[in-house]
Amino acid sequence: MYNILLSAKKKGKIMKKFIKKSFVLIFLSIFILSSFAGEKYSFSKKALKDKKSVTFNDCTAMELAQKMKCGWNLGNTLDANGKTGLESQESWGQPLTTKEMIDAVAAAGFKTIRIPCSWANHFVDSNYTIDTAWMARVKEIVDWCIADGLYVILNDHHDNFERESLIPKGKGYYPSSLNYNESMLFTKNVWAQISLAFNKGYDEHLIFEVFNEPRLRGHEHEWWYNQGCTVCKDGASNLNKLNQLALNTIRASGKNNAKRFVMITGLAASINSYQADSSWKLPKDSAEDRLLISVHLYTPYSFAMENPGETVFMEKHAGELAYNFDWLNEKFVKNGLPVIIGEFGATNKNNTEERMKWFEFFVKESRKYNMVPCLWDNGDPNAKNTFEEKFGFFNRKEESWYFPEIIDIIVKNSEN
């Protein structure tokens with residue numbers, strides 16, 4: 001009866017719409033399942049439960065960077081992998097994150113929160129399936145940030161395998177030809193699941209960062225690209241493929257992920273990996289003006305990280321910073337590619353006044369070029385472990401700042 005009442009024209013429109021929707025669903029299913037090289041892919045509907053669709057507000061990448069201003073890292077928490085399950089959050093000495101902590105960061109004036117997150121220690125089977133409880137916890141924290149009007153950077157953080165040897169299944173990735181197949185399976189599975197969990201109810205305030213510091217762990221050039229090193233060139237080539245793979249996977253999940261802003265990282269997130277030669281390449285994107293460059297700057301090393309190193313911020317340090325910012329501007333910003341400094345900071349050497357000078361110069365210079373500096377914070381400025389940098393700024397137990405004068409400088413100088 002229903003078919004009789006419908007006009008042929010209306011029936012045609014309905015059938016056309018049905019076929020179109022079915023094709024999209026079939027395409028996504030085939031992409032997700034077949035692209036995992038025969039691996040069974042499973043993911044609970046509970047973790048995929050999403051908020052209502054929201055409008056993704058159109059803006060350019062440069063406009064987004066202007067709004068992001070400056071950021072703070074929830075370090076040593078969701079990225080901590082000392083344990084599995086939800087207990088991993090406290091395995092590196094930090095307390096469980098609460099909404100009140102996020103509120104305090106927003107109240108301090110930060111506009112962006114970077115959420116470092118590890119995934120390999122949360123697989124529940126051999127098919128790279130992420131624990132639904134873990135995904136729900138990540139979403140809970142992301143939602144608290146979004147509710148405070150913050151921009152959120154969600155990444156894959158500590159899943160770079162520890163050495164160049166065949167990676168056991170499900171233990172991460174390594175940017176080398178020897179490990180490309182396992183790295184490909186890991187990257188596709190992880191980003192397919194993250195994308196499906198966050199593809200509808202999140203607008204431009206949620207940003208994906210494919211990798212943290214993807215590098216040749218255990219190699220002599222782990223942190224420094226050498227143009228004469230064939231291993232470095234192989235690493236860059238394989239990282240290019242993994243970046244492209246992850247981006248394609250994100251885009252294929254559809255909805256708001258079809259145009260979500262995505263951060264792309266070079267080897268070790270080092271400015272040197274971009275400067276060295278033409279090995280690093282930006283992936284091709286089906287979306288227009290949606291890519292951001294990710295780099296970390298603990299510069300100069302002698303002042304910002306080395307222990308004991310140098311404790312006084314000198315003209316030579318300012319010169320090195322100015323050179324780096326100018327180079328990034330010429331290479332990327334002037335070509336419409338904003339630079340997100342996903343991590344920056346100067347370790348505590350009981351030299352607060354000198355660090356204040358460093359932070360003021362750093363933030364002013366970065367914002368001059370519309371770059372977004374995100375403060376690295378591992379929670380403890382007085383870490384007893386001599387191998388751990390003392391980058392603590394937010395006392396999460398007391399919800400107060402160890403160095404409020406530094407935080408004021410960062411926020412004040414990012415407002416431009």
Side-chain angles (χ1 to χ4, degrees), residues 25 27-50 78-89 91 115-139 142 154-199 208-215 217 238-239 241-254 257 260 262 265 283:
L25 290 173
F27 172 79
L28 285 175
S29 299
I30 291 174
F31 174 84
I32 292 171
L33 292 170
S34 66
S35 63
F36 295 147
E39 296 292 336
K40 182 180 177 183
Y41 179 80
S42 59
F43 194 46
S44 170
K45 291 182 179 179
K46 179 181 178 183
L48 291 177
K49 188 176 180 181
D50 208 348
L78 295 184
D79 53 323
N81 55 14
K83 294 182 179 180
T84 59
L86 296 178
E87 292 183 354
S88 67
Q89 298 171 83
S91 64
I115 301 180
C117 191
S118 298
W119 303 92
N121 57 318
H122 297 288
F123 291 154
V124 296
D125 57 31
S126 60
N127 299 316
Y128 310 91
T129 306
I130 298 170
D131 182 2
T132 56
W134 182 249
M135 185 66 79
R137 175 58 173 161
V138 174
K139 291 187 72 172
V142 169
L154 180 63
N155 77 359
D156 177 5
H157 205 79
H158 283 303
D159 292 328
N160 197 150
F161 195 61
E162 60 191 14
R163 61 186 177 278
E164 166 64 326
S165 60
L166 284 175
I167 305 174
K169 186 175 180 180
K171 295 300 182 182
Y173 70 90
Y174 195 99
S176 68
S177 294
L178 174 66
N179 279 299
Y180 182 74
N181 188 57
E182 179 61 28
S183 298
M184 176 270 292
L185 292 172
F186 176 88
T187 300
K188 278 189 172 182
N189 275 279
V190 166
W191 278 107
Q193 292 175 80
I194 297 172
S195 297
L196 287 172
F198 288 94
N199 71 346
F208 288 156
E209 179 185 27
V210 175
F211 298 116
N212 169 51
E213 292 169 342
R215 61 194 191 274
R217 292 188 66 185
N238 282 282
L239 178 57
K241 292 191 288 185
L242 292 175
N243 276 330
Q244 185 70 66
L245 189 66
L247 181 62
N248 291 348
T249 303
I250 292 167
R251 295 290 181 241
S253 66
N257 287 339
R260 188 165 307 289
V262 179
T265 313

Can you confirm whether [X] sits close enough to [Y] that some side-chain heavy atom of one is under 4.5 Å from a side-chain heavy atom of the other?
X	Y	result
Leu245	Lys241	no
His157	Trp119	no
Ser183	Phe161	no
Ser118	Asp79	yes
Trp134	Val124	no
Leu242	Pro214	no
Asn155	Pro116	yes
Asn181	Met184	yes

Start with the C-alpha gap between Leu247 and Val210, add the side-chain angles, then the distance that decides, and say whether side-chain contact (heavy atoms from CB on, under 4.5 Å) holds. CA-CA 8 Å; Leu247 181 62; Val210 175; 5.7 Å; no
Kindly indicate, with the supporting measurements, whether the criterion side-chain contact (heavy atoms from CB on, under 4.5 Å) is fulfilled by Phe123 and Ile130. CA-CA 5 Å; Phe123 291 154; Ile130 298 170; 3.9 Å; yes
Gap separating the CZ atom of Arg260 from the CZ atom of Arg251, nearest 0.5 angstrom: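 Spacing of CZ (Arg260) from CZ (Arg251) equals 9.0 Å.
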Measuring from atom OG of Ser88 to atom CZ of Arg137, what distance do you get when rounded to the nearest 0.5 angstrom?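 One gets 10.0 Å once the value is rounded to the nearest 0.5 Å.
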Where do Leu239 and Phe211 land on the side-chain contact (heavy atoms from CB on, under 4.5 Å) test, with the steps shown first? CA-CA 10 Å; Leu239 178 57; Phe211 298 116; 3.9 Å; yes
Would you please say whether a donor-acceptor pair under 3.5 Å links the side chains of Ser177 and Asn238?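 Side-chain D/A pair, Ser177 to Asn238: present.
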Check the side chains of Asn189 and Gln193 for a donor-acceptor pair under 3.5 angstrom, ignoring hydrogens and angles.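 No pair is found: no donor N or O on one side chain lies under 3.5 Å from an acceptor on the other.
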Side chain to side chain contact (heavy atoms under 4.5 Å, CB included) with Tyr173: which of Asn179, Leu185, Asp156?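 Result for side chain to side chain contact (heavy atoms under 4.5 Å, CB included) with Tyr173: Asp156.
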Can you tell which of Arg217, Arg215, Glu182 makes a side chain to side chain contact (heavy atoms under 4.5 Å, CB included) with Tyr174?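 The single option meeting the side chain to side chain contact (heavy atoms under 4.5 Å, CB included) with Tyr174 is Arg217.
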For Thr187 and Tyr180, what are the C-alpha separation, side-chain angles and deciding distance, and is it a side-chain contact (heavy atoms from CB on, under 4.5 Å)? CA-CA 10 Å; Thr187 300; Tyr180 182 74; over 6 Å; no
